[in-house]
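Throughout, a chain's letter reflects where its sequence line sits, starting with A, and its residues are numbered from 1.
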Amino acid sequence: MPELPEVETVRRSLEGLVGRRVVRAEVRSPVLVRYPALAEFLTRVSGRTFTALDRRAKYLLLKLDSGDDLMVHLKMTGRLLQQAPLDPVEPHTHIILHLDDGSELRFADTRKFGGFYLIGQDREGAPPGFRRLGPEPLSEEFTPAYLRQVLGKRKGRIKSLLLNQDIIAGLGNIYADEALFRARIHPGREAASLTPAEIHHMHEVVNQVILESLALGGTSFSSYVDGKGNKGHNVENLRVYGREGQPCVECGDPIARIVIGGRSAHFCPRCQPGRTSRRRNRAVGSAAKSKRAQRRDE
DNA sequence: AAGAAGTCCTGGGCGC
DNA sequence: TGCGCCCAGGACTTCT
């Protein structure tokens, strides 16, 4: 699941694209060209040269000499790879940009959640959330004071708010869980209940988990690889995500998983104690399954 | 306004 | 062995 560190790693691995010209765009799955319409997309991309590679939150911005940005979101399973024509084309390859040095920039995405947007200076056609993105971890705007201000009165659960891109841009499920573990904060806590000290700690560990993952080339949990096909090594660094039932690295108790806001939240019940109201924290397992079965029967 | 829930998508895992 | 259901989750839309 590419989050900020993974997308930044892809960006760095593709910097060789700068100066390359798109000779031809081959779109096998038109739906993945999210904006503009396919014909216009092809016209505006063909013949253009990449001038820089940028990133905003989880969006990759491939800048073109026309002034347009080719915006790519990998979502869950997207991969952007620069490969030689003879390299085997992996399954689920939906878009191929043929470049002037003979190489190909290929976009593959098993679940087709990701996509391309070609955006002009006016930003028309950009996804609605793009304009609302909040500050990123490691940025100057991301400060303890900012977090206090933005979380101070929110009734939502801290886990959900960490995933809200309007509040912090670039965090996803993995790093939200990892940061909460390090801050020793239960994912189901109401944001407004966090003390100033806890928010300060939260700020510090958010930066920490992102920085550590960047140093390791990101987390290759399922399908993520960088632009050269290399996996990241941050999986070994994960303390709670994907470790349900395994012993906590701090206390040895089993890591638990609950659902918050429709997303799994991994945490250590002993190291991250919370006012675990059973009403709010729906356990994953037989109870949830029987509830689903009940819904089906109705 | 804000929070919660539903939606898209499909390979892999699991139960029967 | 094989069928079919469930699950993963980023960010959107819809409902409350």
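- One can place CG of A/L162 at 16 Å from C1' of C/dG9, the figure rounded to the nearest angstrom.
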Write out a two-atom table: protein N or O, nucleotide N or O from nucleotides 7-13 of chain B, distance below 3.5 Å.
unit_1, atom_1, unit_2, atom_2, d
B/dC9, O4', A/R111, O, 3.4

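- At a threshold of 4.0 angstrom between heavy atoms, the contacts of A/R132 are confined to the sugar-phosphate backbone, with no base atom among them.
- Between A/F181 and A/F267, the gap from one ring centroid to the other reaches at least 6.0 Å.
- For A/R11, the salt bridge (Lys or Arg N to Asp or Glu O under 4.0 Å) criterion is met by A/E8, A/E15, not counting sequence neighbours.
- Atom CG of A/N173 is separated from atom P of C/dA8 by 9 Å (rounded to the nearest Å).
- Residue-level contact check: A/P127 touches the backbone only, with heavy atoms under 4.0 Å from sugar-phosphate atoms and none from bases.
- Contacts of A/G261 with the nucleic acid, taken as non-hydrogen atoms under 4.0 Å apart, are absent.
- One can place OH of A/Y59 at 12 Å from P of C/dG10, the figure rounded to the nearest angstrom.
- Without hydrogens or angle criteria, A/R79 side chain to A/E90 main chain gives no donor-acceptor distance under 3.5 Å.
- Remark: P of C/dC12 and NZ of A/K58 are 10 Å apart, rounded to the nearest angstrom.
- Side-chain nitrogen and oxygen atoms of A/R257 include at least one within less than 4.0 Å of the OP1 or OP2 phosphate oxygen of C/dA8.
- Rounded to whole Å, atom P of B/dA1 lies 15 Å from atom CD1 of A/I167.
- The 5' end of DNA chain C is approached more closely, in terms of each residue's nearest nucleotide, by A/H266 than by the other of A/H266 and A/F130.
- Distances shown here put every side-chain N or O of A/H73 at or beyond 4.0 Å from the OP1 or OP2 atom of C/dG10.
- Between A/R55 and A/E136, at least one side-chain N (NZ, or NE/NH1/NH2) sits under 4.0 Å from a carboxylate O, which counts as a salt bridge.
- Contact check, A/K75 against C/dG9: no side-chain N or O comes under 4.0 Å of OP1 or OP2.
- The side chain of A/L161 sits closest to B/dG3 out of C/dC12, C/dG9, B/dG3.
- Closest contact between the side chain of A/Y241 and the listed nucleotides C/dA11, B/dA2, C/dG9 involves C/dG9.
- The existence of a salt bridge linking A/R123 and A/D69 is confirmed by a sub-4.0 Å separation between a basic side-chain nitrogen and an acidic carboxylate oxygen.
- A salt bridge (Lys or Arg N to Asp or Glu O under 4.0 Å) with A/E198 holds for exactly one of A/R182, A/R184, A/R189; it is A/R189.
- Atom CG of A/L163 and atom P of B/dG3 are 13 Å apart (whole Å).
- At whole-Å resolution of the value, CG in A/N164 and P in C/dG9 are 17 Å apart.
- The main-chain N or O of A/R243 is never found under 3.5 Å from a side-chain atom of A/H266 such that the two would form a donor-acceptor pair.
- Between A/D166 atom CG and B/dA2 atom P the separation is 10 Å, expressed in whole Å.
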